[in-house]
Protein chains: 2
Amino acid sequence: MTARRGRPSPSVLSRDRILLAGLALVDEEGLDAVSMRKLARRLGVDPMSLYNHVDGKDALLDGIAEVLLAAIPAPPPEADLRETMSALAHGFRAAMLDHPRAAPLVLTRRLASMTALAPVEAALAPLLAAGFPPDRAVHGLRAVLAFLIGTLMREVEAAPTFGGSVQRLADLSASGLPAVAAAAPYLAVCDHEAEFEFGLRIMLDALGEP
Amino acid sequence: MTARRGRPSPSVLSRDRILLAGLALVDEEGLDAVSMRKLARRLGVDPMSLYNHVDGKDALLDGIAEVLLAAIPAPPPEADLRETMSALAHGFRAAMLDHPRAAPLVLTRRLASMTALAPVEAALAPLLAAGFPPDRAVHGLRAVLAFLIGTLMREVEAAPTFGGSVQRLADLSASGLPAVAAAAPYLAVCDHEAEFEFGLRIMLDALGEP
DNA sequence: ACCTGAACACCGTTCAAGT
DNA sequence: ACCTGAACACCGTTCAAGT
């Protein structure tokens, strides 16, 4: 019932093994460093062997994005609507922060597959169950998602190479732009957690009642 | 006072000419198609000549992003705070929609240059002038920006290749996911304009009073 | 100061051949 | 059914040489 065919020998390659190795490669070296050849080297295999399990580089990246999305946990079933939406948003954020260098794959690519639709279902189902008409449910979900994507893009791209932000603060103060200079101490640092909670509350408030 | 040196001959290459040609290349063929070599070919020049005016491919892409940002018009000076913020947001959106294939350069890259700071100044100045303390001004601006970036990413990535959305609707209905199927007609289409106005109103309302 | 071209170390993917 | 390797048409960038 579980084995796809009667082949017990652990074949070297599989779509899953490739995607996981790809994710590890992104985690370690970043998105720009991903190449079919390097990934094949890492798996001890000819580059062209990957094409037996994955449709090409773009499909590989989509597959890695789906691995990230699959890590979002289902919200507790006894939660009310607001708790459910909040849990999904926090789960989404946690999944992205677990793999910050791969997160842009989810945040910037149009994902069309079935498995990419699962989180949409998880958010839409409680909205409809709470009595939201489908058009308003979709509308509200889109607004929340836009905020989540924008916030996470900022959080995940925040250059970790950027040592102390002291230099950045000095640059901002010396920018010659008066408002930027005046707000420099607050521009130089960002409490991502607080920004996330602040914006999420706004968006969930805006959802309103069915 | 304006000429940098007494060289009247219109030298073939300049940073600006390169950035504009780069933007045109992105507009026509998309981001993935951009290469230093192809851009040089388009300019009738050796690929390596570009490096005299631009620091490399990454700097080229940053430069193109700055060209986009520079197209955001200054808001009318007599406008009140809300009108000013709204005008900036609409100007930002219009600038991105003028070059949808280049927009991800602005929306997904961390821009550090001075010219990328100009729009921040334009938004921060009226907030401070209206009496917002700098920490709240930065906080509010970040929330609005996150929403704008997320919304515009969706709008700009929406595959224009995707013929009628009839096929997509059928896929969604047949997904086996009940909530997705129930909301399929609304998931299949997106009124980007309305989503933008809806979310912008929420974020500007959330700014509150100083 | 700017432009050139050869060279280096890479890419993604097609295709014919193997087992 | 899966894996291989040669081959093709590309990349970004360094470096030495030209003017």
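To find a chain, count down the sequence lines: A is the first, B the second, and so on, and within it residues start at 1. For clarity, every value in this text was computed on a predicted model and none was experimentally measured.
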List the atom pairs, with distances to 0.1 Å, where a side-chain N or O of residues 83-91 of chain B and a protein N or O form a donor-acceptor pair under 3.5 Å, not counting sequence neighbours.
from: B:E83; atom 1: OE1; to: B:D80; atom 2: N; distance (Å): 3.0
from: B:T84; atom 1: OG1; to: B:D80; atom 2: O; distance (Å): 2.8
from: B:S86; atom 1: OG; to: B:H90; atom 2: ND1; distance (Å): 3.3
from: B:H90; atom 1: ND1; to: B:S86; atom 2: O; distance (Å): 2.8
from: B:H90; atom 1: NE2; to: B:E197; atom 2: OE1; distance (Å): 3.3
from: B:H90; atom 1: NE2; to: B:E197; atom 2: OE2; distance (Å): 2.7

Could you tell me which residues satisfy salt bridge (charged side-chain N to carboxylate O under 4.0 Å, His left out) with [X], sequence neighbours excluded, listed by chain and number?
X: B:D58; answer: B:R109
X: A:R37; answer: none
X: B:R142; answer: A:E195

Side chain B:K38, main chain B:A33, donor-acceptor under 3.5 Å: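 Looks like yes, one N/O pair under 3.5 Å.
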Residues which pass side-chain hydrogen bond (donor to acceptor under 3.5 Å, both in side chains) with A:R15, listed by chain and number, not counting sequence neighbours: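 So A:R15 forms no side-chain hydrogen bond (donor to acceptor under 3.5 Å, both in side chains) with any residue.
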Set of side-chain hydrogen bond (donor to acceptor under 3.5 Å, both in side chains) partners for B:R93, sequence neighbours left out: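 For B:R93, the residues satisfying side-chain hydrogen bond (donor to acceptor under 3.5 Å, both in side chains) (neighbours in sequence not counted) are B:E155, B:E193.
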Under 4.0 angstrom between B:H53 side-chain N/O and C:dC3 OP1 or OP2: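 Yes, B:H53 has a side-chain N/O under 4.0 Å of OP1/OP2 on C:dC3.
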Below 4.0 Å: OP1/OP2 of C:dT4 and any side-chain N or O of B:S49: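 Yes, within the criterion.
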Could you give the [atom1]-to-[atom2] distance, from [X] to [N], as a whole number of Å?
X: B:L39; N: D:dC11; atom1: CG; atom2: P; result: 11 Å
X: B:L43; N: C:dC2; atom1: CG; atom2: P; result: 16 Å
X: B:R17; N: C:dC3; atom1: CZ; atom2: C1'; result: 14 Å
X: B:N52; N: C:dC2; atom1: CG; atom2: P; result: 7 Å
X: B:D46; N: D:dT19; atom1: CG; atom2: C1'; result: 14 Å
X: B:R15; N: C:dA1; atom1: CZ; atom2: P; result: 19 Å

Any residue meeting side-chain contact (heavy atoms from CB on, under 4.5 Å) with A:A95, in chain and number order, not counting sequence neighbours: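 Testing A:A95 for side-chain contact (heavy atoms from CB on, under 4.5 Å), a comparison that skips the adjacent residues, returns A:A71, A:I72.
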Within 6.0 angstrom of B:N52 CG, more than 12 heavy atoms from elsewhere: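 For B:N52, atom CG is crowded (more than 12 foreign heavy atoms under 6.0 Å).
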Sugar-phosphate or base contact per nucleotide [nucleotides 12-17 of chain C; S, B, -; heavy atom under 4.0 Å]: BBBB--
Dot-bracket line, read 5' to 3' along DNA chain D, where crossing pairs take [ ] and | marks a partner on another strand, Watson-Crick or G-U under 3.5 Å: ||.|||||...|||||.||
Separation between the P atoms of D:dA9 and C:dA9, rounded to whole Å: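 22 Å, rounded to whole Å.
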Touch class at under 4.0 angstrom, heavy-atom based, for A:R41 against every strand present: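 Since only primed, P, OP1 and OP2 atoms lie under 4.0 Å of A:R41, the category is sugar-phosphate.
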